[in-house]
Amino acid sequence: MMNTNFFEDVYDVVRLIPKGRATSYGAIANFLGSKISARMVGWAMNAAHSENDNIPAQRVVNRIGLLTGKMHFATPTTMQELLEADGLIVENDQIKNFKELFWDPAIELEI
DNA sequence: TTTTTGACGATTC
DNA sequence: AGAATCGCCAAAA
């Protein structure tokens, strides 16, 4: 398998997201380098579907904590189910207290 | 090769 | 405050 660069990088960061926390596409993009845009992270996650790797994509949401990618899971409710299984509270397709549980790799991994 | 399309984000109207 | 638009950059058609 080839090193599909940012795909691998994105997967690695996503796997590092601790349980009960969540991050945003933009945060990952920013952490990997301002070269890539948040959209590429979304693309990477889309490709992650083809991968056999366990990618907790449910912990990656957009900047406001909205479950924009829920439709890409097995069922539109899978993402919310997984997040709730992590102890998060999802209401109206949006993560509650997202600001508090926001996990920014650029900060958390820096320390 | 050119065009279209995104699991986004920030800005402008 | 809500809606519309532009910018990012790579992959699929």
Side-chain angles (χ1 to χ4, degrees):
Chain A
M1 48 266 266
M2 307 312 163
N3 296 344
T4 49
N5 300 18
F6 69 57
F7 277 24
E8 291 275 329
D9 290 341
V10 171
Y11 300 158
D12 190 41
V13 175
V14 173
R15 290 194 199 97
L16 291 175
I17 301 172
K19 182 182 178 187
R21 303 290 289 277
T23 190
S24 67
Y25 304 96
I28 295 172
N30 185 33
F31 173 68
L32 295 179
S34 49
K35 305 177 153 185
I36 76 177
S37 62
R39 270 195 175 154
M40 295 299 86
V41 178
W43 253 140
M45 302 318 301
N46 188 17
H49 255 278
S50 300
E51 299 291 335
N52 294 327
D53 295 330
N54 236 355
I55 312 247
Q58 72 276 9
R59 294 175 186 160
V60 185
V61 295
N62 69 356
R63 74 175 183 89
I64 63 176
L66 196 64
L67 279 57
T68 51
K70 65 177 184 178
M71 60 178 76
H72 290 268
F73 285 77
T75 68
T77 57
T78 303
M79 190 174 188
Q80 180 172 338
E81 293 287 322
L82 291 171
L83 286 171
E84 289 177 341
D86 279 353
L88 298 178
I89 300 174
V90 180
E91 189 171 303
N92 195 20
D93 294 335
Q94 187 171 3
I95 298 176
K96 280 253 182 203
N97 299 326
F98 178 63
K99 183 179 177 183
E100 292 183 19
L101 50 84
F102 181 68
W103 184 82
D104 189 346
I107 296 175
E108 301 291 334
L109 297 180
E110 177 187 12
I111 300 173

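Computed from a prediction, not measured in an experiment: that's the story for all the values here. Letters go in sequence order (proteins before strands), and every chain restarts at 1.
- Classification of the A:Phe102-A:Phe98 ring pair by plane angle, with boundaries at 30° and 60°, yields perpendicular.
- You'll find the side chain of A:Met79 reaches within 4.5 Å of the side chain of A:Val61, heavy atoms only.
- The side-chain heavy atoms of A:Thr23 and A:Glu108, taken from C-beta on, include no pair separated by under 4.5 Å.
- In DNA chain B, runs of at least 3 consecutive Watson-Crick or G-U pairs, each pair with both distances below 3.5 Å, span B:2-6 with C:9-13, B:8-13 with C:2-7.
- You'll find the side chain of A:Ile95 reaches within 4.5 Å of the side chain of A:Leu67, heavy atoms only.
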When you compare the protein's N or O atoms with those of nucleotides 10-13 of chain B, which come within less than 3.5 Å of each other, and at what distance?
unit_1: B:dA10; atom_1: OP2; unit_2: A:Arg63; atom_2: NE; d: 3.4

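- A:Met71 places its CE atom 10 Å from the P atom of B:dG6, with the value rounded to the nearest Å.
- Residues A:Leu109 and A:Val10 share a hydrophobic cluster, clusters being chains of Ile/Leu/Val/Met/Phe/Trp/Tyr side chains in contact below 4.5 Å.
- Between A:Arg59 and A:Val14, every side-chain heavy-atom pair lies at or beyond the 4.5 Å cut-off.
- A 4.5 Å side-chain heavy-atom check between A:Asp9 and A:Phe31 finds every atom pair outside the cut-off.
- Counting heavy atoms from C-beta outward, A:Asn54 and A:Arg15 have side chains that stay 4.5 Å or more apart.
- Nucleic acid contact class of A:Asn62 (heavy atoms, under 4.0 Å, all strands): sugar-phosphate only.
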Give me, pair by pair, the N or O atoms of the protein and of nucleotides 9-13 of chain C that are less than 3.5 Å apart, along with how far apart they are.
unit_1: C:dC9; atom_1: OP1; unit_2: A:Lys35; atom_2: O; d: 2.5

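- At least one side-chain heavy atom of A:Val60 sits less than 4.5 Å from a side-chain heavy atom of A:Tyr25.
- Distance CG (A:Asn46) to P (B:dA7): 7 Å, rounded to an integer number of Å.
- For A:Ile89, the CD1 atom is loosely surrounded, since the number of other residues' heavy atoms within 6.0 Å does not exceed 12.
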